[in-house]
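As the structure lists them, so they are numbered: ligands from 1, and atoms in each ligand from 1. The first residue in the sequence is number 1, and the count goes up from there.
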Amino acid sequence: MKSLACLLLLLIPVAASADDGARLFTPCRACHSLDPADRGLPGPNLSGLIGRKVGGDAAFDYSPVLRKANTDGLRWDAGKLDRFLADPAEMFPGLWMSLRGVEDAADRAALVRFVSDPASR
Ligand code: HEC
């Protein structure tokens with residue numbers, strides 16, 4: 001019985017990862033939406049982010065560093081988003097987004113999944 005309880009405890013974090021993504025994205029909602037119809041937030045719209053060019057919300061006025069990344073043709077993929085979330089200002093010095101960075105790799109993975117996969121929401 002004891003070992004079954006241990007096994008269940010081990011499984012819980014995996015099973016809860018979709019919820020983790022939603023929970024971790026909650027502070028981002030102050031500035032970002034994943035609904036393409038949402039406009040007027042302080043940050044760019046993040047719908048369809050993966051595969052999209054960096055600085056790719058045409059309605060948003062980006063900082064010079066993201067405008068340059070856009071002109072350079074940089075595109076978001078899961079690996080880039082993970083690196084960005086770990087330390088946004090390290091990846092794009094001069095970024096107009098004051099986010100400390102998400103230290104925990106599992107938290108970042110849950111966030112990347114949540115942002116990139118509509119089915120996970
Ligand atoms: C206080 C507002 C604010 C919060 C909170 C915030 N962001 Fe941002 N975010 C911005 C702004 C503003 C930009 C554009 C920065 C620039 O132009 O330099 C941005 C840019 C981005 C980009 C690049 C988008 C693109 O079109 O290339 C991503 C990805 C992103 N944020 C993800 C997140 C995530 C995930 C969170 C939560 C963990 C978050 N942000 C929290 C304001 C915010």
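The minimum heavy-atom distance between L24 and P27, with the atom names listed, is O-CD, 3.3 Å. The two atoms that bring L81 and I50 nearest to each other are CD2-CD1, 4.1 Å, heavy atoms only. The two residues E103 and R108 come nearest to each other via the heavy atoms O-NH1, 3.0 Å. Here the closest heavy-atom approach between residue M91 and residue W76 is recorded as CE-CZ3, 4.3 Å.
Atom 37 (C) of ligand 1 has its nearest heavy-atom neighbour, among G101, C28, P64, C31, in C28. Between Y62, F25, F84, it is F84 that holds the heavy atom closest to atom 22 (C) of ligand 1. One option in R29, R67, H32 has a heavy atom closer to atom 41 (C) of ligand 1 than any other, and that option is H32.
Distances shorter than 4.0 angstrom do not occur between any heavy atom of A30 and any atom of ligand 1. Within the 4.0 Å heavy-atom cutoff, L81 counts among the residues contacting ligand 1. Taking 4.0 Å as the cut-off, F92 does not count as a neighbour of ligand 1 on heavy-atom distance.
Under 4.0 Å from ligand 1, not a single heavy atom of V65 appears. Residue S98 does not touch ligand 1, judged by heavy-atom distances below 4.0 Å. Only side-chain heavy atoms of L85 come within less than 4.0 Å of ligand 1; its backbone N, CA, C and O stay farther off.
Below 4.0 Å from some heavy atom of L49 lie the following atoms of ligand 1, by number and element: 29 (C). Against a heavy-atom cut-off of under 4.0 Å, L46 is close to the following atoms of ligand 1: 24 (C), 28 (C), 32 (C). For ligand 1 and G56, the ligand atoms under 4.0 Å from any heavy atom of the residue are 26 (O). Contact atoms of ligand 1 toward P42: 12 (C) (distance under 4.0 Å to a heavy atom of the residue). Taking every heavy atom of P27 and a limit of under 4.0 angstrom, the matching atoms of ligand 1 come to 5 (C). For ligand 1, the atoms sitting less than 4.0 Å from at least one non-hydrogen atom of L66 are 15 (C), 16 (C), 17 (O), 18 (O), numbered in the order shown with element in parentheses. Less than 4.0 angstrom separates some heavy atom of G55 from each of these atoms of ligand 1: 25 (C), 26 (O), 27 (O).
In the model, N45 has a side-chain atom that pairs as donor or acceptor with a side-chain atom of S47 under 3.5 Å.
Distance from atom 18 (O) of ligand 1 to its nearest protein heavy atom, with residue and atom name: S63 OG, 2.5 Å. From the protein, the heavy atom lying nearest to atom 13 (C) of ligand 1 is P44 CD, 3.4 Å. In this structure, the protein non-hydrogen atom closest to atom 12 (C) of ligand 1 is W96 O, 3.1 Å. Nearest protein heavy-atom neighbour of atom 23 (C) of ligand 1: W76 CZ2, 3.6 Å. The protein atom (non-hydrogen) at minimum distance from atom 19 (C) of ligand 1 is M97 SD, 3.3 Å.
Between W96 and L66 there is no side-chain heavy-atom pair separated by less than 4.5 Å. Annotation: side chain of D57 is in contact with side chain of R39 (closest heavy-atom distance under 4.5 Å). For the pair P88/L95, a side-chain contact is recorded, criterion being any heavy-atom separation below 4.5 Å from C-beta on. For the pair Y62 and V54, the minimum side-chain heavy-atom distance is 4.5 Å or more. In this structure, F114 and D19 have side chains that are not in contact, with every pair of non-hydrogen atoms separated by 4.5 Å or more.
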Take D20 and F25 through the side-chain contact (heavy atoms from CB on, under 4.5 Å) test and state the conclusion after the steps. CA-CA 8 Å; D20 281 353; F25 193 73; over 6 Å; no
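Not one N or O of D61 is nearer than 3.5 Å to an N or O of ligand 1, by distance alone.
Using a 4.0 Å cut-off between a side-chain N of Lys or Arg and a carboxylate O of Asp or Glu, D61 and R67 qualify as a salt bridge.
Heavy-atom contacts from other residues, nucleotides or ligands closer than 6.0 Å to NZ of K68 number 12 or fewer.
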